[in-house]
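These notes are about the structure you will find just below.
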Amino acid sequence: MEIVGIVAEYNPFHNGHRHQITAARAMVGECAVVCAMSGNFVQRGECAVTDKWARARMALEGGADLILEIPTVWAVSSAETFARGGVGVLHAAGATALSFGSETGDGGALERVAQVLDTPEFTQALQPFLAQGLPFAQCRHRAVEELLGQAGAACLGNANDNLGVEYLRAACRLGWTPHVYPVRRVGAGHDGGHHEHYPSASYVRGEIRSGAIPMDNPAFLEYNLRGMLARLRSLGPEDWEQIPDCGEGLAQRLYRAVRQGTSLEEIYELAKTKRYAHARIRRAVLWAALGLREQDRPAQMPYLRVLGANERGLGVLRNLDGSIPVITKPTHGKSIPLMELEAACTDFYALCRKHITPCGAEWSTSPIILQNRANDV
């Protein structure tokens, strides 16, 4: 049976995600769908709007069979590192195929870009654009245009296609050659607005924030603004330098910004220049608030953390070869340094909810198991 892997945030799970799972099953046939999902913090440097166990339940009820966590040190990262973490989880879980949302649905075009990004020719083409002080994403796009032409590089202008390229690169680095099933995105675009059937996740989050869509005890960083500022203002320049992607003078800019800014948005504005993408700044600020450092991210995935499963998903776990620890009982992770860090992140998340919750959820919350259910093919 094919095991289809999906890298996701599900922040929150919506009809577009359900469509992707359904479409992947239609393309593959009988299969198990395994999702590598961000935990309580997400790639853009924000809280997930609800906790990882609630989102795992949504995903299971929406068609997935097994939900595994992408640890925060990969989840809150650049597209390349986020993809490396998510694909690493899927590979370790025995996935044989990879499916992802795509604006173009053209797997061949994405594969060609993925291949060229890891060539000496690309590295050479990139340098003149970097010397102009442009954001890295823009430099990369222009360099690929020189090598593949405007049409060949066009997919890098699309958020989901761009992630798809990074998933393919990450798989190649692992020596993994999965079957690839891009699913054409439907409805509102990435960070788009309302759509009758398929609104974007950012639109849904905005509706949750405003109260238009009910959500039980949602989470936003602004709910913990004073706690964030207290942590950030206690850091010295040397602390900022230990955070990933804080080179090129960004560490100093962030140090000054947090001592002047009185809100997160003001800090982001004070720190940004044309060289530093807004998301890069938000991620650095969140890493600092969580007390994470670059050395906290291991070279390889040290475990698989189960957030939820149904019967078919549990069958996937039973067929693993034992080469990587699988954590189903949270207390079994207490001897693993990265799990201890994850627990601290979850305790911080408890302060970011509309109504503060107690510490210790990482060690006391069991995976969501949907008994006597396996999603239909």
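Looking at residues two or more places apart in sequence or on another chain, you find no side chain to side chain contact (heavy atoms under 4.5 Å, CB included) involving Thr331. Not counting sequence neighbours, the partners of Tyr223 by the ring pair (Phe, Tyr, Trp, His ring centres under 6.0 Å) test are Phe220. For the ring pair (Phe, Tyr, Trp, His ring centres under 6.0 Å) test, no residue two or more places apart in sequence or in another chain qualifies with His332. Qualifying side chain to side chain contact (heavy atoms under 4.5 Å, CB included) partners for Leu341, counting only residues two or more places apart in sequence or in other chains: Leu292, Asp296, Leu338. With sequence neighbours excluded, no residue forms a side chain to side chain contact (heavy atoms under 4.5 Å, CB included) with Ala230. Legend: residues meeting side chain to side chain donor-acceptor pair (under 3.5 Å) with Glu111, ordered by chain and number and at least two apart, are Gln115. Arg275 pairs by the salt bridge (charged side-chain N to carboxylate O under 4.0 Å, His left out) definition with Glu248, not counting sequence neighbours.
The distance from atom SG of Cys345 to atom CG of Leu286, rounded to the nearest 0.5 Å, is 8.0 Å. Here the straight-line distance linking atom CD1 of Ile267 with atom OG1 of Thr262 works out to 8.0 Å at 0.5 Å rounding. In this structure, the separation between CD1 on Ile336 and NZ on Lys334 is 13.0 Å, given to the nearest 0.5 Å. Atoms CD1 and CG, from Ile208 and Asn11 in turn, are 8.0 Å apart once rounded to the nearest 0.5 Å. The line from OG1 of Thr177 to CG of Leu168 is 11.5 Å long, rounded to the nearest 0.5 Å.
Arg280 contributes a side-chain N or O that, together with a main-chain N or O of Asp245, makes up a donor-acceptor pair within less than 3.5 Å. Using modelled atom types, no side-chain atom of Asp65 and backbone atom of Leu60 make a donor-acceptor pair closer than 3.5 Å. Side chain of Asn158 to backbone of Asp161: no donor-acceptor contact under 3.5 angstrom is found.
Closest non-hydrogen pair, Pro330 versus Met339, comes out as O-CE, 4.0 Å.
With ring centers used as reference points, Tyr268 lies under 6.0 Å from His278.
Among pairs with a residue in residues 85-98, those fulfilling side-chain hydrogen bond (donor to acceptor under 3.5 Å, both in side chains) read Glu2-Thr96, at least two apart in sequence or across chains. Annotation: side-chain hydrogen bond (donor to acceptor under 3.5 Å, both in side chains) contacts involving residues 224-244, sequence neighbours excluded, comprise Gln242-Gln295.
Phe13 and His17 have tilted rings, their planes meeting at an angle from 30° to 60° on a 0 to 90° scale.
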Using a 3.5 Å cut-off and no angle test, enumerate the donor-acceptor pairs between side-chain atoms of residues 126-151 and protein atoms at least two apart in sequence or in another chain.
residue: Gln127; atom: NE2; partner: Thr123; partner atom: O; Å: 3.1
residue: Arg140; atom: NH1; partner: Glu166; partner atom: OE2; Å: 2.4
residue: Arg140; atom: NH2; partner: Asn162; partner atom: OD1; Å: 2.3
residue: His141; atom: NE2; partner: Ala153; partner atom: O; Å: 3.2

Contacts table for residues 66-87: side-chain donor-acceptor under 3.5 angstrom, sequence neighbours left out:
residue: Glu69; atom: OE1; partner: Lys52; partner atom: NZ; Å: 3.3
residue: Glu69; atom: OE2; partner: Lys52; partner atom: NZ; Å: 2.9
residue: Thr72; atom: OG1; partner: Glu342; partner atom: OE2; Å: 2.5
residue: Ser77; atom: OG; partner: Val73; partner atom: O; Å: 3.0
residue: Ser77; atom: OG; partner: Trp74; partner atom: O; Å: 3.1
residue: Ser77; atom: OG; partner: Arg297; partner atom: NH1; Å: 3.1
residue: Ser78; atom: OG; partner: Thr81; partner atom: N; Å: 3.4
residue: Ser78; atom: OG; partner: Thr81; partner atom: OG1; Å: 3.3
residue: Glu80; atom: OE2; partner: Arg173; partner atom: NH1; Å: 2.9
residue: Glu80; atom: OE2; partner: Arg173; partner atom: NH2; Å: 3.2

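Each of Gln20, Arg184, Arg185 was evaluated against Asn160; a single residue qualifies, Arg185, per the side-chain hydrogen bond (donor to acceptor under 3.5 Å, both in side chains) test.
If you chain together ILVMFWY residues whose side-chain heavy atoms come under 4.5 Å of each other, Val183 ends up grouped with Val4, Met27, Val28, Tyr181.
With hydrogens and angles left out, the side-chain atoms of Asn40 and Asp51 include no donor and acceptor closer than 3.5 Å.
The pair Arg169-Asp118 counts as a salt bridge, with a side-chain nitrogen and a carboxylate oxygen less than 4.0 angstrom apart.
By the neighbour-count criterion of 12 heavy atoms within 6.0 Å, atom CZ of Arg57 is sparsely surrounded, having that number or fewer from other residues, nucleotides or ligands.
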